[in-house]
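Letters go in sequence order (proteins before strands), and every chain restarts at 1.
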Amino acid sequence: MTQSSSAGLDAALASGLAADEYALIVKRLNREPNAVELGVFSVMWSEHCSYKSSRRHLAKFPTSGPRVIQGPGENAGVVDIGDGQAVVFKMESHNHPSFIEPYQGAATGVGGIMRDVFTMGARPVALLNALRFGDPSHPGTRRLVAGVVAGIGGYGNCVGVPTVAGETNFHRGYDGNILVNAMCVGLADSDKIFYSAAPAAGLPVVYFGSKTGRDGIHGATMASAEFDTDSEAKRPTVQVGDPFAEKLLIEATLELMASGAVAAIQDMGAAGLTSSCVEMAGKGAVGVELDLDAVPQREENMTAYEMMLSESQERMLAILKPGREADGQRIFQKWGLDAATIGRTTDTGRIVLRHHGEIVCDLPLAPLTEDAPNYDRPWTEPVRQPHLDPAHIPAPTDWEAAVLTVMSCPDVASKRWIWEQYDRHVMADTVEDSATGADAGVVRVHGSAKGLAVTSDCTPRYVSADPYEGGKQAVAEAWRNLTAVGALPIAITDNLNFGNPERPEIMGQIVKAIEGMAEACRALDFPVVSGNVSLYNETNGAAIPPTPTVGAVGLLADYDRRAGFGTAKTGDTLLLLGVSRGELGSSLYLRECLGREDGAPPPVDLTAERRNGDLVRNLISEGAIQVVHDLSDGGLIAAAAELALASDVGVTLDATSAAHAHAFLFGEDQGRYLIATAAPDAIIDRAQAFGVPVATVGHAGGEAFVSGPLFSIPLARLRDAHEGWMPGYMDRPA
Amino acid sequence: MKAVVHVFLKPGVLDVQGKAVQSALHGLGWGDVDHVRVGRVIEFDLAGEDAADGKARVEAMCQRLLANPVIEGYRVEIAP
Amino acid sequence: MKAVVHVFLKPGVLDVQGKAVQSALHGLGWGDVDHVRVGRVIEFDLAGEDAADGKARVEAMCQRLLANPVIEGYRVEIAP
Amino acid sequence: MRAAVVVFPGSNCDRDCKVALERSTGADVTMVWHQDTALPAGLDLIVLPGGFSYGDYLRCGAMAALSPVMTEVKAAAERGVAVAGICNGFQILCEVGLLPGALLRNAALRYVCKPVDLDIVNTQTRFTAAFGGRREATMTVGNGEGNFFADEATLDRLEGEGQVVFRYKHNPNGSSRAIAGIVNPAGNVLGLMPHPDRAFEPALGSADGALVFQSVMASV
Ligand SMILES: Nc1ncnc2c1ncn2[C@@H]1O[C@H](COP(=O)(O)OP(=O)(O)O)[C@@H](O)[C@H]1O
Ligand SMILES: [Mg+2]
């Protein structure tokens, strides 16, 4: 048997492979790989491409359902929305690149996720972003926020896809590793979905888009490695996004697809040309032969290694049907894109690369994909936090200060400073967005009465305290946010952001969070159709809070029958649906007012969640209610205050009969909705008939946010606190 | 003293502006134009008379603010 | 030949970027910095050896594309 | 009404403009490619849509202004055909010289997307007649370089000649004298930063934009 040389092993270790992985490669090949081949292995077997630490656990997700056309495994998930149409979506992280170069890192994250969606034949129609930054007082945070937000806007605005929703958290746990998760949602005809598997041998492999440079070489392996103080030095050349090129690429790709020339197609994302051609040939069980001299190159003297590992942006790889290359050329020329036929599919089951007339790589495809490592990493059961009894949690001494503290804390304060930098209206189909006062963004399905509702959710402090319950909660909150606008939740994508999986306690978080998410997905008929895993989010051994972000899509049959929380009127009664026990464990009240981050998070009763949500959705679709807000961070206080601010009307809450007013008002019990209605009796009857607990908790009117005798805060003051934090933080002089 | 700072993308970093300007100039008939690069220039006055000291201060400004050292390089000139 | 084109906003046109850079530099402790102006610099190669002819061509490029005469002025330098 | 929407590489409101025109006026809308050297016959309105033509990488609108089709648009404007440049289209009209002034970086140096309340300064133009004397409108803006600039003399002339059509109630981007939209002296060329193409039916938050297109229709 071939032994690995020490030089070969050193090169493998430097490229991010483990010693036993290298030994396995040598065994499979029965020889040592050359440098190009090693590069190909290193990216295909990276965590980012192979999911080697998470694969067996991801298998626990429910991924099918009557509407699911394509679950995980393609560039994006595809779900039927009736009338021959499908919604196509996925979420992806660009955490490390955004930490290194916030503007370009975030911009290229948006570009990358859009390509995953239009590669499937869908026109992107909505973008979302889920952001986690370090503590606002950390010296790097402000620059990162400014750069990331400008980058997301700079890219999405230019391409012309509205950014309609998102979430933003701040916590010192992200000081050294911010999270930038971007989601794209697209629309396609359900019989015109495009896939990546090469259907046959002998077909031309066509490269189109921007030229290849030395950008981001080893980005994929980098995204799979822990940060240390050295990572400055091993920084790859940063990828720069060209949103104009992306816009042209979308139009050209969709036109090429419509022309009938495409047999298979795949974007070049992380690990660029390597992963796209290996996956296309591998999935199609064919082979591929490329002539690298034909690759459009931006720089001189590029090596085969550099071309195969480059992460230059805005590039696509298509396998065309026989005789259709001229169609491609005409379209690429119209849109001013570089393009070239760089190879053919073969029947050898191998990837063969030629450069300057020599074969520089000749590998069997099977080991690259099928034999990629699949680890069962050891994990330990997370330590559970004790349940907190509200009787033992102090109530505020100054209620007004407590309310203002929660409403102006970085996690709850208005993110207007962020979303006003995003074009939310381009495509002229946005009916709810970050600005309008609704729990989810809603875009119309162009030319129809249907609407798509979109949201992204995760409460990392719950996942930290209890990964299983926190995982459930992330899914349930997304489901609830879609329901609160009246949409039927249909499927999710996810972005699992964690620390180093080689540490058993981190692996325990991953395993339990996935299991909790999977349970919620099953109970709510909410399959996972795509997703992304980002591990090794650690700096010098300190891991991020576990952050399994859920991106979810719901369907409105008639977008006119929807709800928001910006139209409550004087005289409306406020009803609270769901059970309020006063859960203060891991709540914002505890953290922001008492400086404590402990206690079991609120449990999610999935049966009640579903029952309550189904009632709310029915009431909205019947037109019985129009003003709905789910309860989440900050409990009833935050929900009622947000409703008051969005509707520009005072709100009075009655907490006099609660055993513990602070637990009632700030508790974060799950599965609850706040409704404002002029006809409460009918709604109460319906709730009782449906078996949903309902209580009258106040009314709208006046110009203050009040809970007598505890506090009375003029709306203007509340608004200043809520709106003021972020501009005050971002715009103060350097 | 007067400082002039030129900031350009580092070699190898995609210069989308340069690319766009080059193709526009070609489209307008100036086909011989090549290697277009677009950068920023920042000019300002600063106190003092000592050019070497001025240069050191402006370089510190470049590091902190005027250039993005991850992707950009800069050149500082000081004139009396 | 090598052409270097500097494009600046005309006096009288508010240079918001220059103003922002100035206030950021002041905030970072360089309070003596004044009259900051931010412009664009465009560098490229062009064929030929005759500097005067090159300059005329590049000025035509400025007129047509590289600068907007309503708000911007420009300066052309040609090096061999 | 016959209308054309010009599509530049990087335009991203071209479809929005087409749909807005069709829904608010029933117009017959043709999409015209930037490299076309002729416009359809019998046009009543040409729209230059929003977006980032050529990426706006040098200066917004600069490269689009040099597109072959702009020669035709200029000729049509001189013949009196109505031309509306929205957002990037406004920038292009300034670059090509059909309108005075220029659009600079926003004063806050940030892109801004928000609903804006507008005063209709001149209700008698080809683009505002259908407002029926109403002096206010609501639309949304979305721009990074919407800060209208012209020298004082030009601004005075614009105001004096009734060429200022829309003014922001709360200036979102630093525009001189809060100007949001202007017309040329002949009154047939409009440039505006707010998007009537995103405000043509109540579901979008405002239907006031439809009135801009209906005004043009009423004038033909
Ligand atoms: N990064 C962001 N991008 C776009 N919108 C955002 C972002 N962060 C927050 N928002 C918007 O701010 C509002 C409040 O966010 P959040 O408190 O997370 O909502 P919820 O808890 O109801 O999911 C939502 O409309 C959300 O879409
Ligand atoms: Mg919500």
Which of residues 42-52 of chain C get closer than 4.5 angstrom to chain B, counting heavy atoms alone?
C:Ile42, C:Glu43, C:Phe44, C:Asp45, C:Leu46, C:Ala47

Region of B:Ala3 that comes under 4.5 Å of a non-hydrogen atom in chain C
neither

Might you point out which heavy atoms bring C:Val21 and B:Leu65 nearest each other, and give the distance in Å?
O-CD2, 4.1 Å

Does atom NE2 of C:His35 have more than 12 heavy-atom neighbours, drawn from other residues, nucleotides or ligands, at distances under 6.0 Å?
no

For chain B, which residues from residues 5-18 of chain C have at least one heavy atom closer than 4.5 Å to it?
C:His6, C:Phe8

Using every non-hydrogen atom in the two residues, find where C:Met61 and B:Val33 come nearest and quote the distance to one decimal.
CE-CG2, 3.7 Å

Chain B contact via C:Arg64 - which portion, at a heavy-atom distance below 4.5 Å
side chain

Rounded to the nearest 0.5 Å, what separation is found between the CG atom of B:Asp32 and the CE atom of C:Met1?
8.0 Å

Applying salt bridge (Lys or Arg N to Asp or Glu O under 4.0 Å) to C:Asp34 and not counting sequence neighbours gives none

Give the member of C:Val41, C:Val36, C:Leu66 that has the highest number of heavy-atom pairs under 4.5 Å with chain B.
C:Val41

Heavy atoms under 4.5 Å from chain B: which residues of residues 68-78 of chain C carry them?
C:Arg75

